[in-house]
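By convention in this document, chain letters (A, B, ...) are assigned in the order of the sequence lines, proteins followed by strands, and residues within each chain are numbered from 1.
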Amino acid sequence: MMKRAGNRQDYTDEEVVRILRKRSSEEDKVIEYLYTTHYGMIKKLIRSRGGNDQDVQDIFQDALLVFYERVKSDDFKTQAKIGTYLYTVSRNLWVNRLKKNMKLVHDDMREERYPALTLLPKDQLTRAEENAFVKLILNALGDDCKKVLTAAVYLDKSMKAIAQEMGYDNEQIARNKKYKCLQKLKKIIEESIDLTALLNELR
Amino acid sequence: MIEKKRNIIIRYLKSLLETHEHAKSQHSLNEEDLADLITDESIRSLGRSELRQKMHAIHNDMIAREKRRDRLKWILLLVAVFIGVGGFLLIKSIGSKTDAPANIYAAYFEPYPSLFEQKNGNEAPVDSSILSQAMKAYANGQYKLANEAFQIAENQGIDFNQPQRFYRAMSLMSINQTEKAIEILLSLKNEGGGPFEEQVVWFLSLAYLKTNQVDKAKQMLRATVDSTVSHFNRKEMVEVLERLSLN
(Lines give C-alpha, C1' and ligand atoms only; values in the text may rest on other atoms or scores of the structure.)
Protein backbone atom coordinates (compact mmCIF):
# COMPACT_ATOMS: atom_id res chain seq x y z
CA MET A 1 0.00 0.00 0.00
CA MET A 2 1.50 3.34 -1.02
CA LYS A 3 1.46 6.01 1.65
CA ARG A 4 2.10 9.69 1.47
CA ALA A 5 4.56 11.15 3.96
CA GLY A 6 4.49 14.93 3.65
CA ASN A 7 5.03 15.65 -0.05
CA ARG A 8 6.76 12.34 -0.63
CA GLN A 9 5.17 9.06 -1.59
CA ASP A 10 6.17 5.96 0.37
CA TYR A 11 6.49 2.56 -1.32
CA THR A 12 6.96 -0.98 -0.11
CA ASP A 13 9.97 -2.92 -1.42
CA GLU A 14 7.68 -4.99 -3.63
CA GLU A 15 6.15 -1.87 -5.16
CA VAL A 16 9.60 -0.38 -5.83
CA VAL A 17 10.73 -3.48 -7.70
CA ARG A 18 7.43 -3.79 -9.59
CA ILE A 19 7.48 -0.14 -10.72
CA LEU A 20 11.11 -0.29 -11.85
CA ARG A 21 10.54 -3.55 -13.72
CA LYS A 22 7.46 -2.43 -15.57
CA ARG A 23 9.13 0.82 -16.68
CA SER A 24 6.37 2.84 -15.09
CA SER A 25 6.21 6.60 -15.39
CA GLU A 26 6.39 6.59 -11.61
CA GLU A 27 10.05 5.57 -11.81
CA ASP A 28 11.41 9.02 -10.99
CA LYS A 29 9.30 9.19 -7.83
CA VAL A 30 10.54 5.76 -6.79
CA ILE A 31 14.16 6.78 -7.29
CA GLU A 32 13.57 9.90 -5.21
CA TYR A 33 11.90 7.77 -2.54
CA LEU A 34 14.83 5.33 -2.46
CA TYR A 35 17.34 8.15 -2.33
CA THR A 36 15.75 10.12 0.48
CA THR A 37 14.85 7.01 2.49
CA HIS A 38 18.20 5.24 2.50
CA TYR A 39 20.71 8.08 2.20
CA GLY A 40 20.92 8.64 5.96
CA MET A 41 21.82 5.00 6.65
CA ILE A 42 24.62 4.99 4.06
CA LYS A 43 25.86 8.34 5.31
CA LYS A 44 26.32 6.85 8.78
CA LEU A 45 28.11 3.85 7.33
CA ILE A 46 30.58 5.77 5.20
CA ARG A 47 31.17 8.63 7.64
CA SER A 48 31.85 6.19 10.47
CA ARG A 49 34.53 4.63 8.30
CA GLY A 50 36.44 7.72 7.37
CA GLY A 51 34.49 8.96 4.35
CA ASN A 52 33.47 12.55 3.76
CA ASP A 53 30.19 13.93 2.40
CA GLN A 54 31.36 13.63 -1.20
CA ASP A 55 32.34 9.99 -0.64
CA VAL A 56 28.89 9.32 0.81
CA GLN A 57 27.23 10.85 -2.22
CA ASP A 58 29.42 8.95 -4.71
CA ILE A 59 29.13 5.59 -2.99
CA PHE A 60 25.38 5.83 -2.39
CA GLN A 61 24.66 6.89 -5.97
CA ASP A 62 26.81 4.06 -7.30
CA ALA A 63 25.03 1.57 -5.02
CA LEU A 64 21.68 2.84 -6.20
CA LEU A 65 22.83 2.45 -9.81
CA VAL A 66 23.87 -1.15 -9.12
CA PHE A 67 20.47 -1.82 -7.56
CA TYR A 68 18.65 -0.14 -10.45
CA GLU A 69 20.49 -2.11 -13.08
CA ARG A 70 20.10 -5.40 -11.21
CA VAL A 71 16.35 -4.86 -10.94
CA LYS A 72 16.08 -3.91 -14.60
CA SER A 73 17.97 -7.02 -15.64
CA ASP A 74 15.85 -9.21 -13.36
CA ASP A 75 18.98 -9.96 -11.39
CA PHE A 76 17.53 -8.82 -8.06
CA LYS A 77 16.00 -11.31 -5.67
CA THR A 78 12.69 -9.92 -4.56
CA GLN A 79 13.10 -11.55 -1.14
CA ALA A 80 16.03 -9.27 -0.39
CA LYS A 81 15.28 -6.10 1.58
CA ILE A 82 16.26 -3.08 -0.47
CA GLY A 83 17.76 -1.26 2.51
CA THR A 84 19.99 -4.21 3.39
CA TYR A 85 20.94 -4.63 -0.25
CA LEU A 86 21.96 -0.98 -0.64
CA TYR A 87 23.87 -1.15 2.63
CA THR A 88 25.81 -4.21 1.55
CA VAL A 89 26.60 -2.84 -1.91
CA SER A 90 27.70 0.49 -0.41
CA ARG A 91 29.89 -1.27 2.14
CA ASN A 92 31.58 -3.36 -0.56
CA LEU A 93 32.04 -0.38 -2.87
CA TRP A 94 33.61 1.58 -0.03
CA VAL A 95 35.95 -1.28 0.93
CA ASN A 96 37.02 -1.58 -2.69
CA ARG A 97 37.65 2.12 -2.94
CA LEU A 98 39.67 2.14 0.26
CA LYS A 99 41.73 -0.77 -0.98
CA LYS A 100 42.31 1.00 -4.24
CA ASN A 101 43.39 4.12 -2.44
CA MET A 102 45.50 2.09 -0.02
CA LYS A 103 43.70 3.70 2.84
CA LEU A 104 42.42 0.53 4.41
CA VAL A 105 44.47 -0.05 7.52
CA HIS A 106 42.00 -1.99 9.63
CA ASP A 107 39.54 -3.83 7.50
CA ASP A 108 36.79 -4.04 10.07
CA MET A 109 34.25 -4.03 7.28
CA ARG A 110 35.15 -7.58 6.33
CA GLU A 111 33.08 -8.89 9.19
CA GLU A 112 30.30 -10.97 7.79
CA ARG A 113 27.49 -9.23 9.57
CA TYR A 114 25.65 -8.64 6.34
CA PRO A 115 24.68 -10.95 3.52
CA ALA A 116 27.53 -11.63 1.14
CA LEU A 117 27.17 -9.87 -2.17
CA THR A 118 29.59 -10.14 -5.04
CA LEU A 119 30.09 -6.97 -7.00
CA LEU A 120 30.79 -7.48 -10.65
CA PRO A 121 33.67 -5.50 -12.15
CA LYS A 122 31.12 -3.52 -14.18
CA ASP A 123 29.66 -2.30 -10.90
CA GLN A 124 33.01 -0.88 -9.92
CA LEU A 125 34.06 1.03 -13.00
CA THR A 126 35.50 4.27 -11.82
CA ARG A 127 33.44 7.35 -12.39
CA ALA A 128 36.37 9.30 -13.84
CA GLU A 129 36.93 6.70 -16.54
CA GLU A 130 33.27 6.41 -17.32
CA ASN A 131 32.78 10.18 -17.38
CA ALA A 132 35.61 10.65 -19.84
CA PHE A 133 34.07 8.02 -22.09
CA VAL A 134 30.57 9.50 -21.84
CA LYS A 135 31.84 12.99 -22.66
CA LEU A 136 33.49 11.69 -25.78
CA ILE A 137 30.23 10.14 -26.97
CA LEU A 138 27.99 13.02 -25.86
CA ASN A 139 29.96 15.63 -27.74
CA ALA A 140 29.27 13.94 -31.02
CA LEU A 141 25.91 12.25 -30.55
CA GLY A 142 23.45 15.11 -30.02
CA ASP A 143 20.71 15.50 -27.47
CA ASP A 144 17.80 13.79 -29.24
CA CYS A 145 19.80 10.67 -30.05
CA LYS A 146 21.11 10.56 -26.53
CA LYS A 147 17.56 10.65 -25.15
CA VAL A 148 16.15 8.08 -27.56
CA LEU A 149 18.98 5.58 -27.10
CA THR A 150 19.02 5.97 -23.33
CA ALA A 151 15.26 5.51 -23.10
CA ALA A 152 15.18 2.54 -25.46
CA VAL A 153 18.27 0.63 -24.35
CA TYR A 154 19.15 1.64 -20.79
CA LEU A 155 15.73 2.46 -19.41
CA ASP A 156 14.13 -0.20 -21.58
CA LYS A 157 11.12 1.96 -22.38
CA SER A 158 8.59 0.97 -25.01
CA MET A 159 8.62 2.66 -28.42
CA LYS A 160 5.18 4.02 -27.64
CA ALA A 161 6.43 5.71 -24.48
CA ILE A 162 9.48 7.08 -26.29
CA ALA A 163 7.30 8.47 -29.08
CA GLN A 164 5.14 10.22 -26.48
CA GLU A 165 8.10 11.61 -24.57
CA MET A 166 9.86 12.87 -27.67
CA GLY A 167 6.71 14.22 -29.31
CA TYR A 168 6.82 11.88 -32.31
CA ASP A 169 3.59 11.10 -34.15
CA ASN A 170 3.87 7.32 -33.81
CA GLU A 171 6.00 4.41 -32.62
CA GLN A 172 7.46 3.79 -36.07
CA ILE A 173 9.13 7.19 -36.07
CA ALA A 174 10.65 6.38 -32.68
CA ARG A 175 11.86 3.03 -34.01
CA ASN A 176 13.46 4.66 -37.08
CA LYS A 177 15.05 7.30 -34.90
CA LYS A 178 16.52 4.64 -32.62
CA TYR A 179 18.00 2.78 -35.59
CA LYS A 180 19.53 5.94 -37.09
CA CYS A 181 20.95 6.98 -33.73
CA LEU A 182 22.49 3.54 -33.19
CA GLN A 183 24.18 3.77 -36.59
CA LYS A 184 25.38 7.25 -35.77
CA LEU A 185 26.80 6.15 -32.44
CA LYS A 186 28.52 3.17 -34.00
CA LYS A 187 30.07 5.42 -36.60
CA ILE A 188 31.29 7.83 -33.93
CA ILE A 189 32.89 4.97 -32.06
CA GLU A 190 34.55 3.56 -35.15
CA GLU A 191 35.90 6.98 -36.01
CA SER A 192 37.09 7.89 -32.51
CA ILE A 193 38.58 4.63 -31.37
CA ASP A 194 41.20 2.64 -33.19
CA LEU A 195 39.44 -0.69 -32.82
CA THR A 196 42.25 -2.71 -34.37
CA ALA A 197 44.75 -1.28 -31.94
CA LEU A 198 42.39 -1.82 -29.05
CA LEU A 199 41.82 -5.43 -30.03
CA ASN A 200 45.57 -5.95 -30.22
CA GLU A 201 45.99 -4.41 -26.80
CA LEU A 202 43.33 -6.68 -25.42
CA ARG A 203 44.81 -9.87 -26.88
CA MET B 1 46.61 15.46 -22.91
CA ILE B 2 45.00 13.59 -25.81
CA GLU B 3 47.15 10.56 -25.01
CA LYS B 4 46.09 10.73 -21.38
CA LYS B 5 42.43 10.86 -22.34
CA ARG B 6 42.91 7.97 -24.74
CA ASN B 7 44.54 5.93 -21.99
CA ILE B 8 41.61 6.57 -19.68
CA ILE B 9 39.17 5.43 -22.34
CA ILE B 10 41.20 2.36 -23.17
CA ARG B 11 41.44 1.47 -19.48
CA TYR B 12 37.71 1.91 -19.18
CA LEU B 13 36.98 -0.27 -22.19
CA LYS B 14 39.39 -2.95 -20.99
CA SER B 15 37.76 -3.17 -17.61
CA LEU B 16 34.43 -3.14 -19.39
CA LEU B 17 35.37 -6.04 -21.60
CA GLU B 18 36.55 -8.05 -18.61
CA THR B 19 33.02 -7.98 -17.34
CA HIS B 20 31.48 -8.97 -20.60
CA GLU B 21 30.64 -12.55 -21.43
CA HIS B 22 32.78 -12.23 -24.56
CA ALA B 23 35.78 -11.75 -22.34
CA LYS B 24 36.07 -15.51 -22.01
CA SER B 25 36.66 -15.72 -25.71
CA GLN B 26 38.42 -12.47 -26.43
CA HIS B 27 40.58 -14.12 -28.99
CA SER B 28 37.46 -14.61 -31.14
CA LEU B 29 36.34 -10.99 -30.77
CA ASN B 30 36.49 -9.18 -34.09
CA GLU B 31 36.25 -5.45 -34.79
CA GLU B 32 32.55 -5.64 -35.56
CA ASP B 33 31.80 -7.35 -32.25
CA LEU B 34 33.95 -4.82 -30.43
CA ALA B 35 32.16 -1.93 -32.10
CA ASP B 36 28.79 -3.41 -31.10
CA LEU B 37 29.99 -3.99 -27.60
CA ILE B 38 31.29 -0.47 -27.20
CA THR B 39 28.09 0.91 -28.71
CA ASP B 40 26.00 -0.97 -26.16
CA GLU B 41 28.21 0.15 -23.36
CA SER B 42 28.16 3.72 -24.60
CA ILE B 43 24.39 3.77 -24.31
CA ARG B 44 24.61 2.17 -20.91
CA SER B 45 27.10 4.83 -19.84
CA LEU B 46 24.85 7.55 -21.21
CA GLY B 47 21.95 6.08 -19.23
CA ARG B 48 24.05 5.93 -16.09
CA SER B 49 25.14 9.48 -16.63
CA GLU B 50 21.51 10.60 -16.98
CA LEU B 51 20.48 8.68 -13.87
CA ARG B 52 23.39 10.18 -11.94
CA GLN B 53 22.23 13.64 -12.99
CA LYS B 54 18.75 12.85 -11.68
CA MET B 55 20.20 11.60 -8.42
CA HIS B 56 22.38 14.66 -8.19
CA ALA B 57 19.29 16.86 -8.52
CA ILE B 58 17.46 14.78 -5.88
CA HIS B 59 20.50 15.07 -3.63
CA ASN B 60 20.64 18.84 -3.97
CA ASP B 61 16.91 19.11 -3.25
CA MET B 62 17.26 16.87 -0.24
CA ILE B 63 20.19 18.84 1.17
CA ALA B 64 18.34 22.12 0.56
CA ARG B 65 15.29 20.72 2.38
CA GLU B 66 17.48 19.53 5.26
CA LYS B 67 19.07 22.97 5.49
CA ARG B 68 15.64 24.61 5.50
CA ARG B 69 14.48 22.16 8.16
CA ASP B 70 17.60 22.81 10.26
CA ARG B 71 17.09 26.56 9.90
CA LEU B 72 13.44 26.16 10.89
CA LYS B 73 14.48 24.06 13.89
CA TRP B 74 16.84 26.81 15.03
CA ILE B 75 14.19 29.45 14.52
CA LEU B 76 11.66 27.40 16.50
CA LEU B 77 14.24 26.78 19.19
CA LEU B 78 15.01 30.49 19.41
CA VAL B 79 11.30 31.33 19.49
CA ALA B 80 10.78 28.73 22.23
CA VAL B 81 13.70 30.14 24.23
CA PHE B 82 12.42 33.66 23.65
CA ILE B 83 8.91 32.69 24.76
CA GLY B 84 10.30 30.76 27.71
CA VAL B 85 12.52 33.59 28.90
CA GLY B 86 9.83 36.17 28.16
CA GLY B 87 7.25 34.11 30.01
CA PHE B 88 9.57 33.60 32.95
CA LEU B 89 10.32 37.32 33.15
CA LEU B 90 6.63 38.14 32.78
CA ILE B 91 5.63 35.73 35.54
CA LYS B 92 8.45 37.02 37.70
CA SER B 93 7.39 40.57 37.03
CA ILE B 94 3.72 39.79 37.75
CA GLY B 95 4.76 37.89 40.86
CA SER B 96 6.97 40.69 42.09
CA LYS B 97 4.28 43.23 41.34
CA THR B 98 1.79 41.17 43.30
CA ASP B 99 4.05 41.01 46.30
CA ALA B 100 5.44 44.51 46.14
CA PRO B 101 5.16 46.19 49.58
CA ALA B 102 2.71 48.78 48.26
CA ASN B 103 0.52 45.97 46.92
CA ILE B 104 0.60 44.13 50.20
CA TYR B 105 -0.43 47.34 51.87
CA ALA B 106 -3.33 47.75 49.43
CA ALA B 107 -4.41 44.17 50.06
CA TYR B 108 -4.48 44.52 53.83
CA PHE B 109 -5.22 48.13 54.70
CA GLU B 110 -8.73 48.93 55.81
CA PRO B 111 -9.49 51.96 57.97
CA TYR B 112 -10.12 50.85 61.52
CA PRO B 113 -13.89 50.93 62.25
CA SER B 114 -15.05 53.95 64.17
CA LEU B 115 -15.98 53.33 67.73
CA PHE B 116 -17.69 56.73 67.77
CA GLU B 117 -21.14 56.28 69.23
CA GLN B 118 -24.12 58.00 67.62
CA LYS B 119 -27.15 58.24 69.76
CA ASN B 120 -29.73 58.18 66.99
CA GLY B 121 -28.33 56.26 64.08
CA ASN B 122 -26.91 58.74 61.60
CA GLU B 123 -27.90 61.78 63.57
CA ALA B 124 -25.24 64.30 64.52
CA PRO B 125 -23.64 63.79 67.92
CA VAL B 126 -24.67 65.97 70.78
CA ASP B 127 -21.09 67.21 71.08
CA SER B 128 -20.75 69.49 68.11
CA SER B 129 -17.07 70.37 68.65
CA ILE B 130 -14.75 70.24 65.70
CA LEU B 131 -13.21 66.97 66.93
CA SER B 132 -16.68 65.42 67.18
CA GLN B 133 -17.41 66.54 63.64
CA ALA B 134 -14.15 64.95 62.54
CA MET B 135 -15.03 61.69 64.28
CA LYS B 136 -18.52 61.77 62.76
CA ALA B 137 -17.12 62.28 59.26
CA TYR B 138 -14.68 59.42 59.86
CA ALA B 139 -17.50 57.15 60.99
CA ASN B 140 -19.34 57.99 57.77
CA GLY B 141 -16.30 57.10 55.68
CA GLN B 142 -15.72 60.75 54.76
CA TYR B 143 -12.01 60.57 55.41
CA LYS B 144 -11.07 63.75 53.56
CA LEU B 145 -13.65 65.73 55.51
CA ALA B 146 -12.57 64.07 58.74
CA ASN B 147 -9.00 64.99 58.01
CA GLU B 148 -9.89 68.62 57.34
CA ALA B 149 -11.75 68.78 60.66
CA PHE B 150 -8.83 67.18 62.50
CA GLN B 151 -6.52 69.72 60.84
CA ILE B 152 -8.73 72.64 61.97
CA ALA B 153 -8.73 71.27 65.53
CA GLU B 154 -4.97 70.92 65.38
CA ASN B 155 -4.61 74.49 64.09
CA GLN B 156 -6.81 75.69 66.92
CA GLY B 157 -4.39 74.07 69.37
CA ILE B 158 -7.00 71.62 70.67
CA ASP B 159 -5.52 68.71 72.59
CA PHE B 160 -6.16 65.26 71.08
CA ASN B 161 -6.53 62.25 73.29
CA GLN B 162 -4.94 58.94 72.21
CA PRO B 163 -8.05 57.52 70.42
CA GLN B 164 -8.51 60.84 68.58
CA ARG B 165 -4.84 60.76 67.52
CA PHE B 166 -5.28 57.16 66.36
CA TYR B 167 -8.29 58.09 64.21
CA ARG B 168 -6.45 61.13 62.96
CA ALA B 169 -3.71 58.74 61.77
CA MET B 170 -6.33 56.47 60.21
CA SER B 171 -7.91 59.32 58.28
CA LEU B 172 -4.45 60.40 57.07
CA MET B 173 -3.65 56.87 55.88
CA SER B 174 -7.00 56.73 54.11
CA ILE B 175 -6.14 59.78 52.03
CA ASN B 176 -2.57 58.59 51.40
CA GLN B 177 -0.83 61.02 53.70
CA THR B 178 1.10 58.11 55.12
CA GLU B 179 4.27 59.93 56.22
CA LYS B 180 2.30 62.14 58.58
CA ALA B 181 0.29 59.13 59.81
CA ILE B 182 3.56 57.35 60.62
CA GLU B 183 4.62 60.27 62.85
CA ILE B 184 1.40 60.03 64.85
CA LEU B 185 1.39 56.23 65.07
CA LEU B 186 5.04 56.19 66.09
CA SER B 187 4.42 58.67 68.86
CA LEU B 188 1.44 56.60 70.05
CA LYS B 189 3.58 53.47 70.02
CA ASN B 190 6.30 55.16 72.02
CA GLU B 191 3.70 56.17 74.57
CA GLY B 192 2.51 52.56 74.82
CA GLY B 193 -0.33 52.90 72.33
CA GLY B 194 -3.15 53.47 74.75
CA PRO B 195 -6.40 51.58 74.09
CA PHE B 196 -5.28 50.92 70.50
CA GLU B 197 -1.85 49.57 71.39
CA GLU B 198 -2.10 46.45 69.21
CA GLN B 199 -3.84 48.25 66.35
CA VAL B 200 -1.07 50.86 66.32
CA VAL B 201 1.54 48.14 65.68
CA TRP B 202 -0.46 46.68 62.80
CA PHE B 203 -1.20 49.97 61.10
CA LEU B 204 2.30 51.32 61.65
CA SER B 205 3.68 48.20 59.96
CA LEU B 206 1.34 48.73 57.01
CA ALA B 207 2.29 52.39 56.85
CA TYR B 208 5.98 51.37 56.67
CA LEU B 209 5.14 49.03 53.77
CA LYS B 210 3.28 51.81 51.97
CA THR B 211 6.34 54.06 52.24
CA ASN B 212 8.61 51.16 51.21
CA GLN B 213 10.32 50.92 54.59
CA VAL B 214 10.17 47.16 54.31
CA ASP B 215 12.86 46.33 56.87
CA LYS B 216 11.13 48.38 59.57
CA ALA B 217 7.80 46.74 58.77
CA LYS B 218 9.33 43.25 58.82
CA GLN B 219 11.16 43.91 62.06
CA MET B 220 8.01 45.16 63.78
CA LEU B 221 5.82 42.35 62.48
CA ARG B 222 8.41 39.67 63.28
CA ALA B 223 8.89 40.97 66.82
CA THR B 224 5.14 40.99 67.40
CA VAL B 225 4.45 37.58 65.87
CA ASP B 226 7.37 36.01 67.78
CA SER B 227 6.44 37.51 71.14
CA THR B 228 2.69 36.99 71.25
CA VAL B 229 0.32 34.16 70.51
CA SER B 230 -2.69 36.37 70.34
CA HIS B 231 -2.53 39.82 68.90
CA PHE B 232 -4.76 42.02 66.81
CA ASN B 233 -4.53 40.73 63.21
CA ARG B 234 -1.77 38.25 64.14
CA LYS B 235 -2.85 35.89 61.36
CA GLU B 236 -2.62 38.69 58.81
CA MET B 237 0.78 39.66 60.20
CA VAL B 238 2.06 36.13 59.52
CA GLU B 239 0.64 36.25 56.02
CA VAL B 240 2.32 39.57 55.30
CA LEU B 241 5.64 38.24 56.58
CA GLU B 242 5.32 35.21 54.30
CA ARG B 243 4.56 37.36 51.29
CA LEU B 244 7.47 39.64 52.08
CA SER B 245 9.82 36.65 52.35
CA LEU B 246 8.95 35.71 48.73
CA ASN B 247 10.32 38.97 47.42
Practice item. Taking all heavy atoms of B:Lys54 and all of A:Asp28, pick out the closest pair and write down the distance. Key: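 Minimum heavy-atom separation between B:Lys54 and A:Asp28: NZ-OD1, 2.9 Å.
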Point to revise | Nearest heavy-atom neighbours spanning B:Ile58 and A:Glu32 | key: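 The answer is CD1-CA, 3.6 Å.
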Does [X] [atom1] have over 12 foreign heavy atoms under 6.0 Å away?
X        : atom1 : result
A:Asn170 : CG    : yes
A:Lys72  : NZ    : yes
B:Gln219 : CD    : no
A:Lys186 : NZ    : yes

Practice item. Decide, yes or no, whether a salt bridge links B:Arg48 with A:Glu69 under the criterion of side-chain N to carboxylate O below 4.0 Å. Key: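 Judged by the 4.0 Å cut-off on N to carboxylate O distance, B:Arg48 and A:Glu69 do form a salt bridge.
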Just how far is it from atom [atom1] of [X] to atom [atom2] of [Y], taken to the nearest 0.5 Å?
X        : Y       : atom1 : atom2 : result
A:Leu182 : B:Ile43 : CG    : CD1   : 4.5 Å
B:Arg52  : A:Gln61 : CZ    : CD    : 7.5 Å
A:Leu155 : B:Glu50 : CG    : CD    : 6.0 Å
B:His59  : A:Tyr39 : NE2   : OH    : 4.0 Å

Point to revise | 4.5 Å side-chain heavy-atom contact, A:Val153 and B:Arg44 | key: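 SC-SC contact between A:Val153 and B:Arg44 ruled out.
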Exercise for review: State, with a plain yes or no, whether a side-chain heavy atom of A:Leu64 is found less than 4.5 Å away from one of B:Leu51.
Suggested key: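 No, side chains not in contact.
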Practice item. Go through the atoms of A:Leu149 and report whether side chain, backbone, both or neither lie under 4.5 Å from a heavy atom of chain B. Key: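 The answer is both parts of A:Leu149.
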Review point. Of the backbone (N, CA, C, O) and the side chain (C-beta and beyond), which part of A:Tyr68 lies under 4.5 Å from a heavy atom of chain B, both, or neither?
Key: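 Interface part for A:Tyr68: side chain.
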Practice item. Answer with side chain, backbone, both or neither: which region of B:Met62 has an atom nearer than 4.5 Å to a non-hydrogen atom of chain A? Key: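 For B:Met62, the contact with chain A is made by the side chain alone.
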